[in-house]
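Here's the structure, in structure tokens; my notes come after.
This chain uses plain numbering: 1 for the first residue, then up along the sequence.
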Amino acid sequence: MPAPEVDLALLAEAARDAGRIALRYWRRDPRAWDKGGDAGPVTEADLAVNDALEARLMGARADYGWLSEESEADPARLDARRCFIIDPIDGTRAFIDGQEGFSHSLAVAEGDRIIAAVVHLPVLDLTYTAVADGPALLNGVPIAPTGADIDGATVLTYRAVTEAANWRGVLPPFRREFRSSLAWRLCLAAEGRFDAALSLRAAWEWDIAAGSLIAERAGAAVSDRRGQPMRFNSPRAQVDGLIVAGDRLHGQLLAALA
């Protein structure tokens with residue numbers, strides 16, 4: 001098997017190619033439709049990027065499994081030693097609206113752990129990378145989370161998280177922010193631009209696989225909503241929510257949740 005650093009180089013090249021393809025459609029009124037079943041929207045750009053990534057990555061690693069938001073589920077991935085976990089365009093609603101904050105999320109899992117990860121935002125020219133046992137980088141520069149306390153922290157999450165029923169007693173005094181791309185939210189917490197990323201909903205693996213390793217290698221505490229380690233390439237392809245923050249804030253959020 002290639003070293004994780006070799007897989008990372010492959011992911012980074014593929015992510016840059018994905019960005020070039022996506023920009024051919026961005027702000028050019030791409031065809032879009034709803035996938036149904038609360039699965040959200042998809043565009044012709046998502047499918048074009050997915051096809052290019054699958055051809056590039058599986059062409060280079062034919063023995064790896066493949067898990068992508070825009071591909072039919074293939075149970076053979078569960079028997080593969082390594083598996084690509086891909087979101088061709090994360091933040092499709094932002095992409096459709098012509099916003100800059102969409103990303104390409106690419107990861108390699110070995111067993112149930114992520115060993116190489118790239119989150120690339122082509123419009124903003126941001127590339128986050130990490131390998132297992134290596135640093136997390138943004139455009140080649142190491143990143144780290146904040147050491148914030150819950151009082152006044154900025155937390156990337158959706159509005160419903162602040163409903164009283166989700167918390168023990170009073171809602172903690174944090175400030176809520178939002179970004180469409182979940183992969184980017186994890187990276188923003190990893191680099192300390194925001195203090196935490198939080199979701200109480202089940203998260204699809206392709207949304208968070210890459211960002212989880214980047215946050216972990218940056219030094220953040222990374223867990224599901226119940227404080228348990230994340231596991232990937234599972235039959236359900238979902239993780240039970242997420243808490244990503246510096247150690248202190250992670251513990252405070254976990255303790256405050258109902």
Side-chain angles (χ1 to χ4, degrees), residues 4 8 85 103 105 107 109-119 126-158 160-162 166-179 181-205 207-232 234 238-258:
L8 179 65
I85 303 179
S103 71
S105 177
E110 183 172 277
D112 61 7
R113 303 296 295 169
I114 305 302
I115 61 167
V118 174
V119 175
L126 301 174
T127 305
Y128 301 84
T129 60
V131 291
D133 301 323
L137 306 175
L138 169 56
N139 292 351
V141 178
I143 57 176
T146 72
D149 185 88
I150 199 169
D151 189 358
T154 55
V155 178
L156 287 162
T157 191
Y158 49 92
V161 161
T162 60
N166 292 320
W167 302 92
R168 300 177 190 269
V170 178
L171 173 70
F174 62 76
R175 182 164 58 88
R176 187 184 69 85
E177 297 275 352
F178 185 75
R179 297 294 183 273
S181 167
L182 183 50
W184 191 28
R185 282 182 243 162
L186 272 64
C187 293
L188 288 167
E191 68 166 305
R193 281 180 59 187
F194 295 86
D195 297 314
L198 172 66
S199 177
L200 306 183
R201 299 168 178 162
W204 291 107
E205 291 185 14
D207 289 327
I208 64 171
S212 70
L213 180 66
I214 291 163
E216 178 185 308
R217 299 311 306 165
V222 177
S223 75
D224 70 15
R225 62 169 292 178
R226 304 183 192 284
Q228 298 303 306
M230 294 182 179
R231 296 288 183 258
F232 293 93
S234 67
Q238 288 184 319
V239 172
D240 185 16
L242 62 94
I243 308 173
V244 175
D247 285 336
R248 177 179 174 81
L249 179 54
H250 182 281
Q252 292 173 331
L253 288 168
L254 184 60
L257 284 166

Distance-only, no hydrogens or angles: does the [X] side chain make a donor-acceptor pair with backbone N or O of [Y] under 3.5 Å?
| X | Y | result |
| --- | --- | --- |
| Trp184 | Gly211 | no |
| Gln238 | Ala202 | no |
| Glu205 | Ser234 | yes |
| Arg185 | Thr157 | no |
| Arg225 | Leu200 | yes |
| Arg175 | Ala153 | no |

With the side chain counted from C-beta on, respond yes when [X] and [Y] share a heavy-atom pair under 4.5 Å apart, and no when they do not.
| X | Y | answer |
| --- | --- | --- |
| Val222 | Leu242 | no |
| Ile214 | Leu186 | no |
| Tyr128 | Leu213 | no |

Non-hydrogen atoms of [X] and [Y] that approach each other most closely:
| X | Y | answer |
| --- | --- | --- |
| Ser181 | Ser103 | OG-OG, 2.9 Å |
| Val244 | Ala215 | CG1-CB, 3.6 Å |
| Ser105 | Val119 | OG-CG2, 4.3 Å |
| Ala221 | Asp247 | CB-OD1, 3.4 Å |
| Trp167 | Thr162 | NE1-CA, 4.1 Å |
| Ala117 | Ala210 | CB-O, 3.4 Å |

Between [atom1] of [X] and [atom2] of [Y], what distance do you get to the nearest 0.5 Å?
| X | Y | atom1 | atom2 | result |
| --- | --- | --- | --- | --- |
| Cys187 | Ile143 | SG | CD1 | 6.5 Å |
| Thr154 | Arg176 | OG1 | CZ | 12.5 Å |
| Leu253 | Ile150 | CG | CD1 | 4.5 Å |
| Leu198 | Asn166 | CG | CG | 8.5 Å |
| Asn139 | Glu191 | CG | CD | 9.5 Å |
| Asp195 | His250 | CG | NE2 | 14.0 Å |

Give a yes/no verdict on a cation-pi contact between Arg179 and Phe194, requiring under 6.0 Å between NZ or CZ and the six-membered ring centre and an angle within 45° of the axis.
no

When Asp240, Asp112, Asp224 are each screened for salt bridge (Lys or Arg N to Asp or Glu O under 4.0 Å) with Arg231, the one that passes is Asp112

When you check the gap from the basic side-chain N to the acidic O, do Glu216 and Arg113 get nearer than 4.0 Å?
yes

